[in-house]
Amino acid sequence: MNLHHLLEPFQYRFMVEAMLMAALIGGTCAVLSCYLVLKGWSLMGDAISHAVLPGIVLAYIVGAPLAVGAFLAGLLCASGTGWITNHSRLKGDAVMGVVFTGLFALGLVMFTKVTTDVHLNHILFGSLLGIERSDMLQAVIAAGLTLVILAVVRKDILLYLFDANQARAVGLNTTFLHYLFLALLSLTIVAALQAVGIILTVAMLIVPGCIGLLLTDRFGQMMAIASGAAISSAIAGTYISYFLNGETGACIVLTQALILTLAALFGPKYGILSRARAARQAAARYDGV
Amino acid sequence: MIELLLTPFYYEYMVKAIVVSGVIGGVCALLSCFVTLKGWSLMGDALSHAIVPGVAVAYLVGLPFALGAFASGLLAALVMGVVKSKTRIREDAVIGIVFTTFFAAGVLMISLFPSNISLKTIVLGNILGIADSDIIQMLAISAVALLVVGLKWKDLLLFAFDPNQAQAIGLNTTRLNLMLLALLAATAVAALQAVGAVLVIAMLVTPGATAYQLTDRFGRMMLLACLMGVVTSMLGAYISYFLNGSTGGCIVCLQTIVFLVVFFFAPKYGIVAARRKARRTTDALLIAGDAQPVPALRGL
C-alpha cells in the first residue's frame with residue numbers, strides 16, 4: 001500500500017470526473033437540505049425524486065430532454081400534493097404518500113410499455129461512473145442554475161420559509177417564492193438522479209443539513225458546514241468506492257452518515273457526549289452547593 | 001373475446017400471483033387505516049426501504065429472507081427512536097436519515113457480494129416469479145398480522161387516535177407502539193416480493209386514505225379499505241398480464257385512480273359534494289336576506 005497505489009484513482013479520467021460531479025451535486029443538494037431540514041420538508045425530496053419517473057419516460061417518448069420531463073413531473077407532484085391536501089380531510093403526509101407512489105407506479109407501467117435506452121437501473125440507482133457527457137452537461141446546468149437563483153433570492157426564501165406572514169407583510173410574493181423553491185428542488189433532484197439514483201438523492205437532501213444543524217445555530221454557518229460535509233463526503237465516498245469496488249452512491253451516503261454520527265456524538269454544543277458532560281458538571285455544581 | 005379475457009387463468013403462475021396479491025393487498029389495506037389515522041405514512045416508506053440490508057444479509061447467510069428483513073426493519077425503527085430522543089433533529093428528518101442510510105448499506109452490500117438477488121427485484125418486486133416457499137412465508141406473515149389486528153384492533157385504534165387516553169385507561173402504549181411498528185415491518189416484508197419496496201408505501205397508505213374520505217366510522221373504514229385493497233390488487237395483477245408489465249405498477253395505478261375518483265366524488269367529503277354544499281349554503285344565505293354571499297364559502 002504505497003502512495004502510488006493511493007493515488008491510482010486520480011489517474012483515471014472517469015474517476016476524477018465522477019468525483020467532481022459528485023461534489024457539485026452533493027454541494028447543491030446540501031444547500032437545499034438546510035432549508036428542507038429546518039422547514040420540516042425533509043420528505044418532500046423523497047416524494048419529488050420518485051415522482052419524476054413518468055416525466056422521464058414521457059420526455060423520452062416525445063423526444064424532449066429528460067430533465068425537462070422530470071422537472072415538470074416533480075412540479076406536478078409538489079403542486080398536486082398541496083392542492084389535494086387543501087381540499088380534503090386527509091393529513092399532508094398521507095396525501096404525499098398517495099401522490100408520489102401513484103406517479104411512480106404510472107412511470108413504471110409506462111416504462112414497461114416503451115422500449116427505451118434509458119435504463120431503469122440508472123434512474124433508480126444512478127451511474128456516477130458511467131455518466132455520459134450530455135447528462136453531465138445537463139447536471140452542471142441544473143446545479144449552476146439552482147445555485148445562482150438561490151444566491152439571488154436567498155434572503156427572501158429564508159424569510160418565506162420561516163415566517164410566511166412576515167414575508168407577506170413586507171410585500172414579498174409568497175406564492176411565487178413557494179413555487180420557485182419547489183422548482184429549484186425539482187431541478188436539483190433532476191441533476192442528482194442521474195448521478196446517484198432516487199433513494200440516495202433523498203439522503204443527500206437531508207443528511208448534510210442535519211450535520212449543519214447539529215453543529216451550529218446560525219443559518220449561514222449551517223449552510224457552509226453542510227456544503228463542506230457534502231462535498232468532502234462526495235469526494236471521499238467516490239474515492240473509497242474505487243477500492244471497495246462497490247456502488248458509488250451508496251459509499252457517498254454512508255460517508256455522510258458517518259460524519260453525521262460523529263457530529264451527533266462529539267458536536268461541541270449539541271453532541272450527545274458534550275450534553276452528557278454538561279449535565280454531569282451541572283449536577284456536580286449542584287452537589288457542591 | 002371471453003376466451004382472451006380468461007387466458008390469464010390458464011397459467012398457474014398468474015392464478016398464484018392474483019391470489020397472493022389479493023391477500024397481501026388486503027392485509028396492507030387493513031394496516032393502512034391505522035397508518036392514515038396515526039400520520040405514519042412516512043414510517044411505511046421508511047420501513048420498506050430499511051428492510052433492504054436485512055434481505056441482503058439473509059440471502060448471503062442463507063436465512064429465510066423474511067427474518068432478515070423483519071429484523072432490519074425493527075432495528076431501523078429502534079435507531080430512529082434513539083436518534084430522535086438524543087438529538088435536536090426533527091422527526092421527519094430522522095426518519096429520512098435512517099432509512100436512506102439503511103438502504104445505502106443494503107445497496108453497498110449487494111454490490112460488494114454479488115449473489116442471485118438483484119436490487120431491482122427488491123425495489124420493484126417480482127410476483128410472477130415468486131417461489132412456493134416465499135408464498136408460504138408471505139401467507140404465514142399475513143395470517144399472523146391478521147390475527148394480531150383481529151385480537152387487538154380496539155387497543156390499536158385507541159392508541160392511534162389518542163395515545164394519552166390509551167395510557168390513561170391503563171394500556172401499555174410502549175408495547176402498542178412496538179406492536180404497530182412490528183406489524184408494519186412484517187407486512188412491508190410480505191408485500192416486498194409482490195410489489196417491491198417503493199410501491200409497498202402505496203399499499204400501506206392509499207387504501208386507508210381512500211376509505212377515510214368515505215366514512216366516519218372506523219369499522220366501516222377498515223372494511224372499505226380492505227375491499228379496495230383486495231380488489232385493486234387482484235385486478236392489477238390480472239391486468240398486468242395483458243400489459244405485459246410491472247404488476248406492482250398496475251396495482252398501485254389502480255389504487256391511485258380509485259383514490260382520485262373518491263377524492264372528487266365522495267358523497268360527503270368529495271370536492272364535488274363540498275362545492276355543491278357551499279353553493280347551497282350561499283343560496284340559502286342570499287334567500288335569507290344577506291346582501292352578499294360569504295366570500296369564504298364562495299371560494300370553496
Side-chain angles (χ1 to χ4, degrees), chain A residues 36-38 40-43 45-46 50 84 87-91 93-113 120-121 124-125 198-200 202-203 205-207 209-210 213-214 244-247 249-254 256-257 260 264 270 272 275, chain B residues 35-36 39-42 44-45 49 83 86-90 92-97 99-101 103-112 119-120 123-124 198-199 201-202 204-206 208-210 212-213 240 243-246 248-253 255-257 259-260 263 269 271 274:
Chain A
L36 290 173
V37 164
L38 285 177
W41 274 1
S42 306
L43 294 146
D46 185 19
H50 285 90
I84 296 184
H87 288 88
S88 77
R89 63 197 293 237
L90 289 161
K91 290 183 191 150
D93 67 317
V95 175
M96 193 188 271
V98 173
V99 172
F100 91 77
T101 52
L103 281 167
F104 186 76
L106 179 69
L108 274 186
V109 173
M110 278 167 40
F111 193 87
T112 51
K113 288 314 324 163
L120 195 51
N121 267 333
L124 288 174
F125 310 115
I198 287 181
I199 291 141
L200 303 178
V202 182
L205 280 170
I206 304 177
V207 182
C210 290
L213 184 69
L214 287 171
L244 285 180
N245 202 9
E247 195 66 42
C251 288
I252 295 174
V253 171
L254 289 174
Q256 287 189 348
L260 180 79
Y270 298 106
I272 293 170
R275 268 188 183 175
Chain B
V35 169
T36 312
W40 264 12
S41 309
L42 301 163
D45 184 6
H49 285 91
V83 175
K86 294 275 179 203
T87 68
R88 63 195 298 232
I89 305 173
R90 295 169 70 125
D92 63 324
V94 171
I95 294 178
I97 292 169
F99 92 76
T100 49
T101 306
F103 188 83
V107 171
L108 183 65
M109 263 187 254
I110 293 172
S111 71
L112 287 184
L119 202 52
K120 210 169 142 183
V123 173
L124 300 180
V198 176
L199 297 178
I201 310 157
L204 281 173
V205 177
T206 311
T210 309
Y212 186 59
Q213 304 187 73
S240 75
L243 284 178
N244 198 11
S246 164
C250 289
I251 295 174
V252 174
C253 276
Q255 293 193 339
T256 313
I257 292 170
F259 173 85
L260 286 176
F263 169 66
Y269 298 107
I271 289 264

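Residue numbers begin at 1 in each chain, while the letters A, B, ... track the order of the sequences. All values below come from the heavy atoms of this structure, side chains included, with hydrogens, waters and symmetry mates left out. This structure is a prediction, so every number in the text was calculated from the model and none was measured.
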Between chain B and each of [options], count heavy-atom pairs under 4.5 Å; write down the option with the most.
| options | value |
| --- | --- |
| L43(A), V37(A), L103(A) | L43(A) |
| V207(A), L254(A), L108(A) | L254(A) |
| L36(A), L38(A), I84(A) | I84(A) |
| I206(A), D93(A), V109(A) | D93(A) |
| G107(A), C210(A), G97(A), A257(A) | C210(A) |

Validation row: [X], [Y] side chains within 4.5 angstrom (heavy atoms):
| X | Y | answer |
| --- | --- | --- |
| S42(A) | R90(B) | no |
| S88(A) | F263(B) | yes |
| D46(A) | F99(B) | yes |
| T101(A) | V205(B) | no |

Between [X] and chain A, with a heavy-atom cut-off of 4.5 Å, which part of the residue counts as in contact: side chain, backbone, both or neither?
| X | value |
| --- | --- |
| L199(B) | side chain |
| D45(B) | side chain |
| L204(B) | neither |
| L243(B) | both |
| F103(B) | side chain |

**Report entry** When G44(B), G248(B), A105(B) are compared by non-hydrogen pairs under 4.5 Å with chain A, the top option
**Finding:**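 When all of G44(B), G248(B), A105(B) are compared, A105(B) has the most.
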Report task. Could you check which of D92(B), V252(B), I89(B) has the highest count of heavy-atom pairs closer than 4.5 Å to chain A? Result ->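 When all of D92(B), V252(B), I89(B) are compared, D92(B) has the most.
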**Report entry** Nearest-0.5 Å distance, CZ of residue F100(A) to CD1 of residue I201(B)
**Finding:**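 The distance works out to 4.0 Å.
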Query raised in the report: How far does CG of L90(A) sit from OG1 of T210(B), to the nearest 0.5 angstrom?
Result: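 Answer for the CG-OG1 pair, L90(A) versus T210(B), is 8.0 Å.
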Looking at every heavy atom in both [X] and [Y], which two are closest together, and how far apart are they?
| X | Y | result |
| --- | --- | --- |
| T36(B) | K91(A) | O-NZ, 4.1 Å |
| R88(B) | R275(A) | CB-NH2, 4.2 Å |
| T100(B) | V253(A) | O-CG1, 4.3 Å |
| A209(B) | V98(A) | CB-CG2, 4.0 Å |
| A104(B) | A250(A) | O-CB, 3.3 Å |

